[in-house]
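The structure appears below as structure tokens.
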There are 2 protein chains.
Amino acid sequence: MKELDAKDRDILGILTKEARIPMKALAARIGLSRSATTERVAMLEKSGVIRGYRADIGQMDRGLVSAFLMVTLVSTPSMGVLDQLARYSEVRRVSSVTGQLDLIVEVEVPSIDRLNTLRDIIATHQSVQDLTTLIVLRRDIERLE
Amino acid sequence: MKELDAKDRDILGILTKEARIPMKALAARIGLSRSATTERVAMLEKSGVIRGYRADIGQMDRGLVSAFLMVTLVSTPSMGVLDQLARYSEVRRVSSVTGQLDLIVEVEVPSIDRLNTLRDIIATHQSVQDLTTLIVLRRDIERLE
DNA sequence: TGAGGCATCCGGCAATGTGACGGTTGCACC
DNA sequence: GGTGCAACCGTCACATTGCCGGATGCCTCA
């Protein structure tokens, strides 16, 4: 895939905030014709830079509990932990990190009970050495893209 | 705001995956007329259930570094830390959590240098007691909505 | 019970946006 | 200087949208 130029970055910048904007308006904003803009967006989609478009739903309205599970592994190559994590749809994101920890697992569960269940399942995995649960009390800032 | 019914949840389910779908197609999928569907979506937007629409960008394509900053505060009412954090556009999300930590700050910066700068700025804030930086090496799972 | 108010739905029209295409321009390469 | 190519533009026919009036069902209260 080619380098993205300034126009492409403009497009991405706008689409990450207003994904439903009409092509015509998008074109006007970046200073290209509609057809050129449509072509660029199609290219960005086809090449995988744009993976899709999502509505951004307020978390409170779903009545879910979010938590971070801070995981330390016995040995760094994760040995099936990821496979297991991937099996649970409540697992929203898993990040390998540097530092005292190895994985940060973000989960979103319907209840604290379910969180505890999930926590226990993961904590008892053979390659998990230590697991700390941090429940999100409040989102103070949220600007994910 | 009223309770969301099954149709509303259908709408949300579809829009969280395909935010750019035309209203007509959305209407056909949930089994309502286009105008009723448009009305419902408008209601969901106005009431804040739908906060916006975002293009989903593959993170690697941006050449950015993501990191978690684990913050312990001197005293729990945050005393201006949030205001300061909000000032930096690299701060993607801040979560108040239970446990040994007080805040989890997620940042996305163009370089490690910038990360260090940001880290230092936050760490020297008077109400920050402790700050640990965890750099994201890899996203193993990502299913944020 | 039946008249009014309200929420929700539908369909239709005019305005706007889209997909598809052909034509222009600028540039690199032989 | 001719050929190929990538990126752009404008236009046509068609699809989608915003906006409306009107139907339907339901609740409330005289």
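Among pairs with a residue in residues 118-131 of chain B, none fulfils salt bridge (charged side-chain N to carboxylate O under 4.0 Å, His left out), at least two apart in sequence or across chains.
Applying the side-chain hydrogen bond (donor to acceptor under 3.5 Å, both in side chains) rule to A:Glu39 yields no partners; only residues at least two apart in sequence or on another chain are considered. Under the side-chain hydrogen bond (donor to acceptor under 3.5 Å, both in side chains) criterion, A:Gln129 pairs with no residue at all, not counting sequence neighbours. For the side-chain hydrogen bond (donor to acceptor under 3.5 Å, both in side chains) test, no residue two or more places apart in sequence or in another chain qualifies with A:Asp10.
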query: Which is it for B:Arg138 and B:Asp140 under the salt bridge (Lys or Arg N to Asp or Glu O under 4.0 Å) test, yes or no, and what are the steps along the way?
result: CA-CA 6 Å; B:Arg138 184 180 62 242; B:Asp140 303 301; 2.6 Å; yes
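Between A:Arg93 and B:Glu106 there is a salt bridge, since at least one side-chain N of the basic residue sits less than 4.0 Å from a carboxylate O of the acidic one.
For the pair B:Lys24 NZ and C:dC13 P, the interatomic distance rounds to 15 Å; values are reported in whole Å. The distance from atom CD of A:Glu45 to atom C1' of C:dT18 is 14 Å, rounded to the nearest whole Å. For the pair B:Met43 CE and C:dC6 P, the interatomic distance rounds to 18 Å; values are reported in whole Å.
A continuous path of ILVMFWY side-chain contacts below 4.5 Å connects A:Ile112 to A:Leu69, so both sit in one hydrophobic cluster.
Helix bend of the helix from C:dT1-D:dA30 to C:dC30-D:dG1: the angle between its two end axes, each built from five pairs, comes to 20° after rounding to 10°.
Under a 3.5 Å cut-off, the side chain of B:Arg34 and the backbone N or O of B:Ala28 do not form any donor-acceptor pair.
For the pair B:Lys7 and B:Arg20, nearest-nucleotide mapping onto DNA chain C gives the more 5' position to B:Lys7. When each of B:Ile21 and A:Arg40 is assigned the nucleotide of DNA chain D bearing its nearest heavy atom, the one mapping closer to the 5' terminus is A:Arg40.
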Sort me out a list of protein N/O and nucleotides 19-22 of chain C N/O pairs below 3.5 Å, or just none if empty.
from	atom 1	to	atom 2	distance (Å)
C:dG19	N7	A:Arg34	NH1	3.1
C:dG19	N7	A:Arg34	NH2	3.2
C:dG19	O6	A:Arg34	NH2	2.5

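Checking C:dG17, D:dC9, C:dC9 against every side-chain atom of B:Ala36, the shortest atom distance belongs to C:dC9.
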